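Every chain is numbered from 1 and lettered A, B, ... according to where its sequence line falls, protein lines coming before strand lines. Here the structure is a predicted model, which is why all the values come from computation and not from measurement.
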Amino acid sequence: MTTQRIEKMCGLLAACIVLGLGSQLSIAQQTPAAARHTVDMTVVKPETVGFSSERLKRLHAIIQDEVDKKQLSGAVTILARHGKIVEYRTYGTKDMASGAPMTKDTIFRDYSMTKPATGVAMMILYEEGKWLPSDPIAKFIPEFAHLKVFNGVDANGKMILVDPDHAPTMRELMSHTAGFTYGNGNTPADKMYGELKVRQAKDLQEMVDRLAQIPLVYQPGKAWIYSMSMDIEGYIVEKLSGQTLPEFMREQVYKPLGMRDAGFYVPAEKRARFAVLYKDNGHGVLSPDTNAGGMGDYSTEPTMPSGGGGMVSTAEDYYRMAQMLANGGELNGARILGPATVKLMTSNHLADSLLTGAWGGGMHVMRPGFGYGYNCAVIFDPPEANLPDGKGTFLWDGAAGTWFWVDPANDIVFVSMIQRMTSGDNHEIQYRSHSAVYQALVDAAK
Amino acid sequence: MTTQRIEKMCRVLAACIVLVLGSQLSNAQQAQRPAAVRHTVDMTVVKPETVGFSSERLERLHALMEQTVDQKQLSGAVTILARHGKIVDYRTYGVRDMTSGAPMAKDTIFRDYSMTKPVTGVAMMILYEQGKWLPSDPISKYIPEFAHLKVFNGVDAAGKMILVDPDHAPTMRELMTHTAGFTYGNGTTPVDKMYGELKVKQSKDLQEMIDRLAQIPLVYQPGKSWVYSMSMDIEGYIVEKLSGQTLPEFMREQVYKPLGMRDAGFYVPAEKSNRFATLYENNGHGGLQPDSTNGGGMGNFLSPPAMPSGGGGMVSTAEDYYRFAQMLGDNGELNGARILAPSTVKLMSSNHVPVELLTGGYGIGVQQLRPGFGYGYNCAVAFDPGEANLPDGKGTFFWDGAAGTWFWVDPTNDIVFVGMIQRMQGGNPNVEYLSRNVVYGALVDPAK
């Protein structure tokens with residue numbers, strides 16, 4: 001054998017190794033839940049995990065354009081794949097009056113993005129054997145044992161009440177199908193939410209006592225209506241754990257995941273980092289929202305902590321929780337949930353009969369391919385739902401426009417924090433960001 | 001670069017290739033593992049971490065069972081959890097007899113009741129593989145006594161049953177899925193009453209049971225409903241007829257013996273009676289009392305039954321039932337004993353109930369048929385666990401017994417679980433389903 005021939009052979013062998021490693025990688029990618037990522041917030045070159053830097057500029061343009069047009073004060077966005085951050089950017093200001101720039105440590109009102117975090121708390125208790133999806137809610141809240149169901153009004157305009165076909169279940173509570181609402185509908189039952197000041201209750205016990213007087217708005221399981229169900233879950237977390245909801249979240253979720261600024265209020269020493277909340281003044285111009293959706297100024301720990309909307313956090317805090325879910329329940333060695341439990345939480349639980357386009361919250365319309373798990377929406381058939389995401393992508397957003405999604409098929413996590421109370425424009429940004437991110441994923445096999 | 005050095009480099013490269021290919025192979029094996037790998041079961045308990053479980057998190061299973069025993073909701077229990085054919089948890093809790101305080105032991109014998117059904121299903125599938133029957137066959141092909149069954153269609157003004165012909169002759173497929181039209185006689189119709197009046201369950205042998213059933217109309221049109229029933233007792237009769245053996249003989253030779261199910265049978269012989277667990281029932285006041293139902297009408301299990309019940313007559317240890325379940329988990333084979341082919345196990349454990357019956361309107365006890373949760377041959381199937389609100393892997397099949405025993409086989413995660421207790425009439429907590437919460441919560445590394 002000549003030296004030349006041996007060298008040639010070595011070259012072939014080396015090529016084989018590369019091929020071998022390549023196919024190994026592709027096998028590993030098929031099981032994103034299994035791969036544990038160490039998250040250190042270092043930003044890597046997008047190309048290393050399959051994104052095109054060039055194409056990602058379209059994502060920047062979408063958000064920058066809104067800031068330039070003064071439709072957003074600012075934003076913080078995080079995009080990650082395989083647990084590597086490929087984008088971590090700030091846009092605009094956190095206060096348009098002072099011009100203080102948006103920073104990575106800016107704190108935001110998460111509003112309904114609290115719901116998935118409360119879902120995680122519930123699933124921690126589920127794993128401890130504390131409840132089953134088939135359990136009636138009344139097993140944990142006896143106050144709800146005699147709830148009636150609204151069934152229209154009689155000739156005198158009085159509510160007709162009937163018994164529920166079945167006692168509403170925990171499964172239904174976790175998927176907005178139990179019969180509760182937010183009181184925003186036009187039925188007399190909805191009106192009672194306002195009359196009894198359910199959302200202004202002094203604590204969760206008073207909230208439950210008031211809810212116990214209000215009929216369900218529909219037969220359990222027969223509709224999907226966005227509701228205070230996750231506030232009710234917050235009460236159940238307290239009852240099953242013996243801790244307050246904020247305590248439980250702090251010990252079981254925030255602390256192990258390193259969510260340093262997550263909480264139910266912004267303490268004095270962090271107020272300077274708290275973004276100003278804006279709303280459209282009705283003429284396409286933003287002005288500060290002083291009422292904060294009825295949630296107060298977040299200056300002290302609330303007496304009625306809201307599992308449906310009470311959380312504040314930085315973008316990084318929320319990213320850490322989302323990445324934990326993407327990793328199958330674990331982040332940097334902190335095991336919060338088992339992979340099967342994350343799967344259960346993020347599987348569609350709505351019957352096909354509810355996925356007809358007739359139900360939804362904001363722009364999240366329940367439709368073929370787009371359903372709801374426990375405390376989050378699920379795109380279980382993305383093409384059917386007309387979305388570019390990977391199968392099983394789960395997501396939700398908040399009243400101030402914050403949004404996130406976790407795509408287990410492509411191992412992508414995206415978090416974006418803004419502070420503009422909900423209007424049509426925010427919605428466009430949210431779903432346009434899905435298009436912008438997926439058009440930039442040019443090498444999904446990486 | 002010298003030739004020698006180049007050759008050395010090549011050897012290193014070649015070694016690398018072997019390593020790479022080797023780890024690739026192990027990845028491939030993982031992906032196909034349940035179907036491809038045959039496990040040798042020796043009941044040795046391995047460290048949970050070796051097959052992806054967290055020991056720390058499995059403590060929740062122990063806590064669940066211990067608390068339930070401490071609260072006197074159970075006399076005791078034996079549980080076995082296995083993955084990839086390796087046992088990771090094999091524990092006893094509490095006592096076998098609350099009066100004497102005799103501790104629960106691994107060799108304690110339990111009444112399986114309806115957990116007999118999947119075993120009878122395997123007997124039927126053995127005969128299926130021998131070409132003895134087809135799912136499309138009318139039941140009356142094997143039981144001519146059933147050739148003229150009528151169907152109950154309400155009562156007339158005089159309170160007399162209105163009987164109509166079946167839309168089609170009930171089939172073997174329907175018999176295997178509780179959709180043929182039979183019942184247990186626990187409903188409120190005049191048909192249900194006839195089960196009691198004719199003492200079907202008290203027949204002196206399977207032939208008499210058939211003769212009595214032949215006089216009773218079906219309670220619904222075949223295929224139009226799912227009602228838990230004596231169908232698996234009827235299967236027991238068919239096993240006898242097709243094999244020429246008694247059901248206990250057939251089970252012994254074809255299932256128990258090859259699988260090493262040493263204490264499985266249809267009664268507990270005298271020399272083993274000191275290992276037989278006492279049966280309890282919920283006393284209605286949050287506690288337990290000795291069973292008052294004569295073993296659910298099945299007697300004391302201390303002598304061979306005149307009418308061996310394919311629907312509920314079996315007794316076994318936890319290990320016996322685990323061996324049976326692991327055989328199914330291993331696609332029909334255990335330790336070299338081939339009982340069924342993989343495709344037959346797949347057929348048996350696939351959903352066969354049409355979706356229009358999976359609406360939550362049918363079921364028995366804690367087993368409600370619903371979207372994602374159907375019924376195969378003699379066992380329930382979670383064919384879409386997410387939709388069914390279960391943490392199990394896709395295709396998990398399972399059943400339970402009247403005394404609370406339960407098991408499941410999860411072919412996706414290659415998990416087998418068996419839990420043996422002796423509490424009639426249910427009760428709290430629902431350890432059958434809560435055990436899934438804690439087991440799947442402990443599976444932290446499913447790729448292992």
Side-chain angles (χ1 to χ4, degrees), chain A residues 1-3 6-7 9-10 12-14 16-17 19-21 23-24 27-28 30-31 33-36 123-124 126-135 139 166 169-171 174-175 221 328-330 335 337-341 343-352 371 373-374 378 380 392, chain B residues 1-3 6-7 9-10 12-14 16-17 19-21 23-24 27-28 30-31 52-54 56-57 60-61 63-64 67 355 359-360 366 368 370-372 384-393 413 428-431 433-448:
Chain A
M1 200 182 254
T2 67
T3 305
I6 290 169
E7 276 176 343
M9 212 180 84
C10 282
L12 281 172
L13 283 169
C16 285
I17 288 172
L19 283 171
L21 287 173
S23 56
Q24 259 199 295
I27 288 169
Q30 283 161 14
T31 53
R36 293 188 191 167
M123 297 319 281
I124 290 171
Y126 169 91
E127 285 193 342
E128 290 173 2
K130 297 272 173 69
W131 64 275
L132 284 171
S134 54
D135 286 331
K139 182 172 176 183
H166 65 266
T169 62
M170 291 298 290
R171 178 183 74 70
M174 302 288 289
S175 59
E330 181 263 2
R335 167 67 60 190
L337 296 173
T341 312
K343 187 86 167 39
L344 174 63
M345 176 179 167
T346 61
S347 293
N348 174 49
H349 298 299
L350 301 188
D352 288 347
Y374 295 155
V378 185
F380 63 93
Chain B
M1 200 182 254
T2 66
T3 305
I6 291 169
E7 278 177 343
M9 210 180 83
C10 282
V12 170
L13 283 168
C16 285
I17 289 172
L19 281 172
V20 168
L21 287 174
S23 57
Q24 261 197 287
N27 275 327
Q30 261 167 23
F53 281 105
S54 153
E56 194 189 327
R57 289 184 148 239
R60 291 170 179 173
L61 173 63
L64 170 69
Q67 277 167 24
V355 287
T359 56
V366 295
Q368 293 302 311
R370 56 188 189 266
D384 187 337
E387 195 167 15
N389 293 277
L390 290 171
D392 309 55
N413 292 301
N428 277 312
N430 178 354
V431 286
Y433 277 100
L434 288 172
S435 63
R436 289 164 145 92
N437 298 30
V438 292
V439 164
Y440 285 99
L443 181 64
V444 295
D445 198 355
K448 259 205 177 162

Okay, B/Leu390 and chain A: the region with an atom under 4.5 Å from a heavy atom over there is backbone
Beyond-backbone contact of A/Leu344 with B/Arg436, side-chain heavy atoms, under 4.5 angstrom: no
Chain A contact via B/Pro371 - side chain, backbone, both or neither, heavy atoms under 4.5 Å: neither
Note: A/Glu127 and B/Arg57 closest approach over all heavy atoms is OE1-NH1, 2.6 Å
Output the option from A/Ser175, A/Gly371, A/Gly373, A/Ala340 having the highest count of non-hydrogen pairs under 4.5 Å with chain B. A/Ala340
Side chain, backbone, both or neither of A/Phe380 within contact of chain B (heavy atoms, under 4.5 Å): neither
CG-CG distance between B/Asp384 and A/Asn348, expressed to the nearest 0.5 angstrom: 8.5 Å
Backbone N or O of A/Gly129 within a donor-acceptor pair of the B/Asn437 side chain at under 3.5 Å? no
Are A/Tyr374 and B/Asn389 side-chain neighbours, meaning at least one heavy-atom pair lies under 4.5 Å? yes
For B/Pro446 and A/Pro339, the nearest pair of non-hydrogen atoms, with its separation, is CD-CG, 3.6 Å
I'd like to know which of A/Asp352, A/Thr341, A/Leu337 tops the heavy-atom pair count under 4.5 Å against chain B. A/Leu337
Please determine, among A/Glu128, A/Met345, A/Lys343, the option with the most heavy-atom pairs under 4.5 Å with chain B. A/Glu128
Check side chain to side chain donor-acceptor pair (under 3.5 Å) between A/Thr169 and all other residues, then give those that pass, not counting sequence neighbours. A/Glu172
